[in-house]
Amino acid sequence: MGEFSEKKETCGTVCLKYLLFTYNCCFWLAGLAVMAVGIWTLAFKSDYISLLASSTYLATAYILVVAGVVVMVTGVLGCCATFKERRNLLRLYFMLLLLIFLLEIVAGVLAYVYYQQLNTELKENLKDTMTKRYQQPGHEGVTNAVDKLQQEFHCCGSNNSKDWRDSEWIHSGEAGGRVVPDSCCKTVVAGCGQRDHASNIYKVEGGCITKLETFVQEHLRVIGAVGTGVACVQVFGMVFTCCLYRSLKLEHY
């Protein structure tokens with residue numbers, strides 16, 4: 001009976017080892033995906049960050065990048081800990097899993113909270129940002145973001161084209177007779193912003209604020225889903241690790 005029991009425990013340990021190894025391979029790929037989403041947000045989807053009053057959107061992307069890197073390192077560590085059967089490495093692996101779990105939950109929660117607050121933030125700040133910082137020294141990022149926003153989403157002004165009547169740049173005399181930026185025009189040529197007729201510029205109902213809100217919310221949903229989804233998967237990894245640790249401890253004694 002004793003030999004049968006020992007053999008059974010050994011078979012269970014072997015199964016756990018291969019199960020955890022398979023999990024770590026998938027986990028490593030998940031880490032790559034998490035890091036890719038974070039980099040994608042920072043590199044290709046961050047053009048409009050300068051138009052947002054809060055840095056929460058940027059923070060969630062950085063958290064995903066850090067979490068992704070740690071996940072990939074942890075996946076390698078998990079494989080080593082599994083096949084070397086080192087309980088101290090398994091303890092370290094479990095703690096790193098817990099750390100990543102918390103990071104991704106934080107990213108998911110931040111994305112969800114900011115998703116709820118975005119509309120209010122844009123209503124309170126976007127018009128001032130566009131009218132007070134556009135074409136102003138030291139705010140080149142805002143200028144480029146506004147021009148890209150208006151051209152990419154075919155809109156003009158925060159709420160409508162009339163918002164540009166309050167623009168410091170328009171009133172400064174440096175606008176060259178323009179009443180709206182050239183990026184409001186349907187066909188952009190130098191000085192086309194001197195005429196704000198509907199045949200010349202975009203007069204979209206709701207202005208750019210609704211376009212930007214939809215854009216950011218879509219990416220917040222992706223960030224939140226990826227962070228929360230991978231965090232849930234990690235629960236299985238922590239369970240497998242605890243089971244293998246307990247099995248090795250029983251065999252040791």
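Since this is a predicted model, take the numbers as computed values, not measurements.
- Closest of all the heavy-atom pairs between Val34 and Leu64 is CG1-O, 3.2 Å.
- Contact of the Lys127 side chain with the Asp166 side chain is registered, since non-hydrogen atoms from C-beta on lie closer than 4.5 Å.
- Criterion: ILVMFWY side-chain heavy atoms under 4.5 Å apart, direct or through other members. Under it, Leu29 and Trp40 are part of a common hydrophobic cluster.
- Although no hydrogens or angles enter the test, the distance criterion places no donor-acceptor pair under 3.5 Å between the side chain of Glu168 and the main chain of Thr131.
- Counting only distance, with no hydrogens or angles, the side chain of Asp163 and the backbone of Ser158 share a donor-acceptor pair below 3.5 Å.
- The ring-ring contact (aromatic ring centres under 6.0 Å, His included) pairs that include a residue from residues 101-137 are Tyr134-Trp164, Tyr134-Trp169, where partners are two or more places apart or lie in different chains.
- For the cysteines Cys155 and Cys208, the sulfur (SG) atoms lie within a distance shorter than 2.5 angstrom of each other.
- Of the possible donor and acceptor atoms, none in the side chain of Glu174 sits under 3.5 Å from a partner among the backbone N and O of Gln136.
- Hydrophobic clustering, with ILVMFWY side chains joined whenever heavy atoms are under 4.5 angstrom apart, groups Tyr62 together with Val69.
- Taking CG of Asn144 as the start and NZ of Lys148 as the end, the distance is 10.0 Å to the nearest 0.5 Å.
- In this structure, Val73 is not a member of the same hydrophobic cluster as Met35, with clusters built from ILVMFWY side-chain heavy atoms closer than 4.5 Å.
- Put simply, the side chain of Lys186 gets close to the backbone of Ala198: a donor and an acceptor are under 3.5 Å apart.
- Side chains of Arg165 and Ile170 form no contact here, defined as non-hydrogen atoms less than 4.5 Å apart.
- Leu102 is connected to Val70 through a chain of hydrophobic side-chain contacts under 4.5 Å among Ile, Leu, Val, Met, Phe, Trp and Tyr, so both are in one cluster.
- Side chains of Val106 and Ile63 form a contact here, defined as non-hydrogen atoms less than 4.5 Å apart.
- Hydrophobic clustering (ILVMFWY, side-chain heavy atoms < 4.5 Å, transitive): Ile100 and Leu98 are in one cluster.
- Distance CZ/Arg178 to CD/Gln135: 8.5 Å, rounded to 0.5 Å.
- Surrounding NZ of Lys162 are at most 12 heavy atoms belonging to other residues, nucleotides or ligands under 6.0 Å away.
- With rounding to the nearest 0.5 Å, the separation of CG in Asn119 from CD in Glu213 is 4.0 Å.
- Side-chain atoms of Asp182 come within 3.5 Å of backbone N or O of Gly191 as a donor-acceptor pair.
- Here the side chains of Thr210 and Leu122 are not in contact, with every heavy-atom distance at 4.5 Å or above.
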